[in-house]
Novice: 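Below you'll find the structure I mean.
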Amino acid sequence: MDPTASRTATPSVAWRRRTGLGVPGLVLPGAGLVVLQAAAFAHDTSHNCHYFGPSLRMHIAAWAGLACGLAAPAACAPLSRGAVRRGRRPQWTRAFGVAPAFVILGVLPLFLEAFGVWALYAPDPSGGDDCAGLAYALGGAFRYPAG
């Protein structure tokens, strides 16, 4: 038996399916959670001119998105090393082409996920006064009030 025959063998269908969907299966939900946090949960912080801070679902979406974004590159290298350990060439599989492509495309969502986590702990954007500083105007800060 040729010793190089096992290295050039085609990977099994189950292995290709696992590796082909592993990294994109982490990048796409992470990007979806970024969009969800920016679009659907953006209005959770203020209600009737009162700042309540980020909601629990904002925290869950931000941290889960960041975990998915960080797990995708961390999963790409072991997949190719596992193929080599099994005696297969990862360059010959479609999954090896898909996984690094999704890791590269997942860099922008990763930065947005990190920004989303940072935004959770950022100070109140209105400076602590409800309704973007109206407390300053209504508290007699003007020298000559109207009326």
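Positions are given from 1 along the sequence. The shown structure was predicted, so the numbers you read here are calculated from the model rather than taken from an experiment.
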Novice: Over all heavy atoms of both residues, which pair between Gly69 and Leu110 is shortest? Give the atoms and the distance, please.
Specialist: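 Between these two residues, the closest heavy atoms are C-CD1, 3.6 Å.
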Novice: List the residues meeting side-chain contact (heavy atoms from CB on, under 4.5 Å) with Pro54, not counting sequence neighbours, and say none if there are none.
Specialist: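 So Pro54 forms a side-chain contact (heavy atoms from CB on, under 4.5 Å) with Tyr51, Met58, His59, Leu120.
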Novice: Applying side-chain hydrogen bond (donor to acceptor under 3.5 Å, both in side chains) as the test, list every pair that has at least one member in residues 62-71; sequence neighbours left out.
Specialist: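 For residues 62-71, and leaving out neighbouring residues, the side-chain hydrogen bond (donor to acceptor under 3.5 Å, both in side chains) pairs sorted by first residue read Trp63-Tyr121.
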Novice: Would a single hydrophobic cluster contain both Val117 and Leu70, if residues Ile, Leu, Val, Met, Phe, Trp and Tyr are joined by side-chain heavy-atom contacts under 4.5 Å?
Specialist: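 They do share one cluster, since a chain of ILVMFWY contacts under 4.5 Å joins Leu70 to Val117.
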Novice: Working to the nearest 0.5 angstrom, can you tell me the gap between Leu33 CG and Leu112 CG?
Specialist: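 Separation between the atoms: 12.5 Å.
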Novice: Restricting to non-hydrogen atoms, name the atom on Ala61 and the atom on Gln37 that form the minimum distance, rounded to 0.1 Å.
Specialist: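 Scanning both residues, the minimum pair turns out to be CB-CB, 4.4 Å.
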Novice: Would you name the heavy atoms of Leu26 and Cys68 that are closest together and state the gap between them?
Specialist: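 Distance-wise, the nearest heavy atoms are O-CB, 3.3 Å.
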Novice: Phe115: which residues meet the ring-ring contact (aromatic ring centres under 6.0 Å, His included) condition with it, sequence neighbours left out?
Specialist: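 Partners of Phe115 by the ring-ring contact (aromatic ring centres under 6.0 Å, His included) criterion, ordered by chain and then number, come out as Trp118.
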Novice: With hydrophobic residues grouped by side-chain heavy-atom distances under 4.5 Å, do Phe102 and Leu108 end up in a single group?
Specialist: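 Cluster IDs for Phe102 and Leu108 differ.
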Novice: Quick one: closest heavy-atom pair of Val27 and Ala72, and the distance?
Specialist: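 The pair with the smallest heavy-atom distance is CG2-CB, 3.5 Å.
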Novice: Looking at Glu113 and Ala31, what are the two nearest heavy atoms and their distance?
Specialist: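 Taking every non-hydrogen atom into account, OE2-N, 3.7 Å.
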